[in-house]
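Each residue takes its place number in the sequence, starting with 1.
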Amino acid sequence: IYDAVKKIKEFNPDSIMLMCIEPVVEELVKRLGVDYLSKRALLGISLMNEARPFLLSKGLRVIMTYVVPPHFGSDYLEIVREYLADSARQGLKLSPLALTGYIQTRILFEILRRISGEITKESIMNECEKVKDVLFKGLHLNFDPEARTLAKDLWIDDYKGYPIQSRIID
């Protein structure tokens, strides 16, 4: 943390991207100071979602990006409705990270279901590479051979309104 704080202060950026977990965010705020951070645009990823209430309590606003819908009111997606129902049935706490894992697991199970024969690393990758313009429970999936990914949706949330869904374009 000490090196990061020193480099941030030396560079004196207009914006700072927080890509860390809550304890690290809290330490950065302590070491950089609320006054210093309040004069910069703060950006974050879903990994640090648990730190957002802490930042807001200090008067710091963060623009967040998520690979899954950040609010559970985003139940227009079938996969989110399933996550909410499964979580309620099991009495689990809702979180964007848990939703991410749920979606990844459901996609993996779908890929595994499609494999005829032995399931190996190669057969999984072969099946993933066949995914072209598939609507899976409300998510648009399309294998990108360069990025080696299936999804390009991104949600941007500045807490000024409803999160904006965007698609990353090549």
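- From Leu139, atom CG reaches atom CD1 of Ile103 across 5.0 Å, with rounding to the nearest 0.5 Å.
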Fill in: Steps toward salt bridge (charged side-chain N to carboxylate O under 4.0 Å, His left out) verdict (Arg114, Glu110)
CA-CA 6 Å; Arg114 294 176 179 205; Glu110 178 62 21; 3.1 Å; yes
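- Following chains of ILVMFWY side-chain contacts shorter than 4.5 Å, one cannot reach Met19 starting from Tyr2, and the two form parts of different hydrophobic clusters.
- Remark: Met125 CE is packed, more than 12 non-hydrogen atoms of other residues, nucleotides or ligands lying under 6.0 Å away.
- Under the 4.5 Å side-chain criterion, counting only non-hydrogen atoms from C-beta, Thr65 is not in contact with Leu43.
- Looking only at distances, no side-chain donor or acceptor of Ser87 sits under 3.5 Å from a matching main-chain atom of Leu84.
- Leu56 and Val25 fall into different hydrophobic clusters, where Ile, Leu, Val, Met, Phe, Trp and Tyr are joined by side-chain heavy atoms under 4.5 Å apart, directly or via other members.
- Under the 4.5 Å side-chain heavy-atom criterion for ILVMFWY residues, a single connected hydrophobic cluster contains both Ile1 and Met48.
- Within a 6.0 Å radius of CG in Asp14, other residues, nucleotides and ligands contribute 12 heavy atoms or fewer.
- In terms of heavy atoms, Arg106 sits closest to Glu82 at NH1-OE1, 2.9 Å.
- Note on Lys130 versus Glu127: salt bridge recorded, some NZ/NE/NH1/NH2 to OD/OE distance being below 4.0 Å.
- A pairwise comparison of heavy atoms in Val5 and Leu28 identifies CG2-CD2, 3.9 Å as the closest pair.
- Of all the heavy atoms in Val29 and Leu55, the pair that sits closest is CG2-CD2, 3.6 Å.
- A distance of 12.0 Å separates CG in Leu112 from CD1 in Ile107, rounded to the nearest 0.5 Å.
- In terms of heavy atoms, Phe143 sits closest to Lys132 at O-NZ, 3.6 Å.
- Hydrophobic clustering (ILVMFWY, side-chain heavy atoms < 4.5 Å, transitive): Leu92 and Leu94 are in distinct clusters.
- In this structure, Asp157 and Arg52 have side chains that are in contact, with non-hydrogen atoms separated by less than 4.5 Å.
- Atoms CD1 and CG, from Ile115 and Asn126 in turn, are 8.5 Å apart once rounded to the nearest 0.5 Å.
- Atom CD1 in Ile63 sits 10.5 Å away from atom CE in Met17 (nearest 0.5 Å).
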Discussion item. Run the side chain to side chain contact (heavy atoms under 4.5 Å, CB included) test on Val131 and Phe136 for me, step by step, so that the C-alpha distance in whole Å, both residues' side-chain angles and the decisive distance to 0.1 Å come before the verdict.
Written reply: CA-CA 10 Å; Val131 175; Phe136 178 74; over 6 Å; no
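- Here the straight-line distance linking atom NZ of Lys58 with atom CG of Asp35 works out to 13.5 Å at 0.5 Å rounding.
- Put simply, the side chain of Arg40 reaches to within 4.5 Å of the side chain of Asn12, judged on heavy atoms.
- Listed by chain and residue number, Tyr83 satisfy the ring pair (Phe, Tyr, Trp, His ring centres under 6.0 Å) test with Tyr102 (two or more places apart in sequence, or in another chain).
- Nearest heavy atom pair, residue Ser95 against residue Glu50, reads CB-OE2, 3.9 Å.
- Nearest heavy atom pair, residue Leu135 against residue His140, reads CD1-N, 4.1 Å.
- Heavy atoms of other residues, nucleotides or ligands lying less than 6.0 angstrom from NZ of Lys121 number 12 at most.
- Distance check: Leu108 CG to Cys128 SG gives 7.5 Å after rounding to the nearest 0.5 Å.
- Follow the hydrophobic side-chain contacts under 4.5 Å out from Phe109 and you reach Leu77 in the same cluster.
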Fill in: Check against side chain to side chain contact (heavy atoms under 4.5 Å, CB included), Ile8 and Tyr36
CA-CA 11 Å; Ile8 290 169; Tyr36 181 85; 3.8 Å; yes
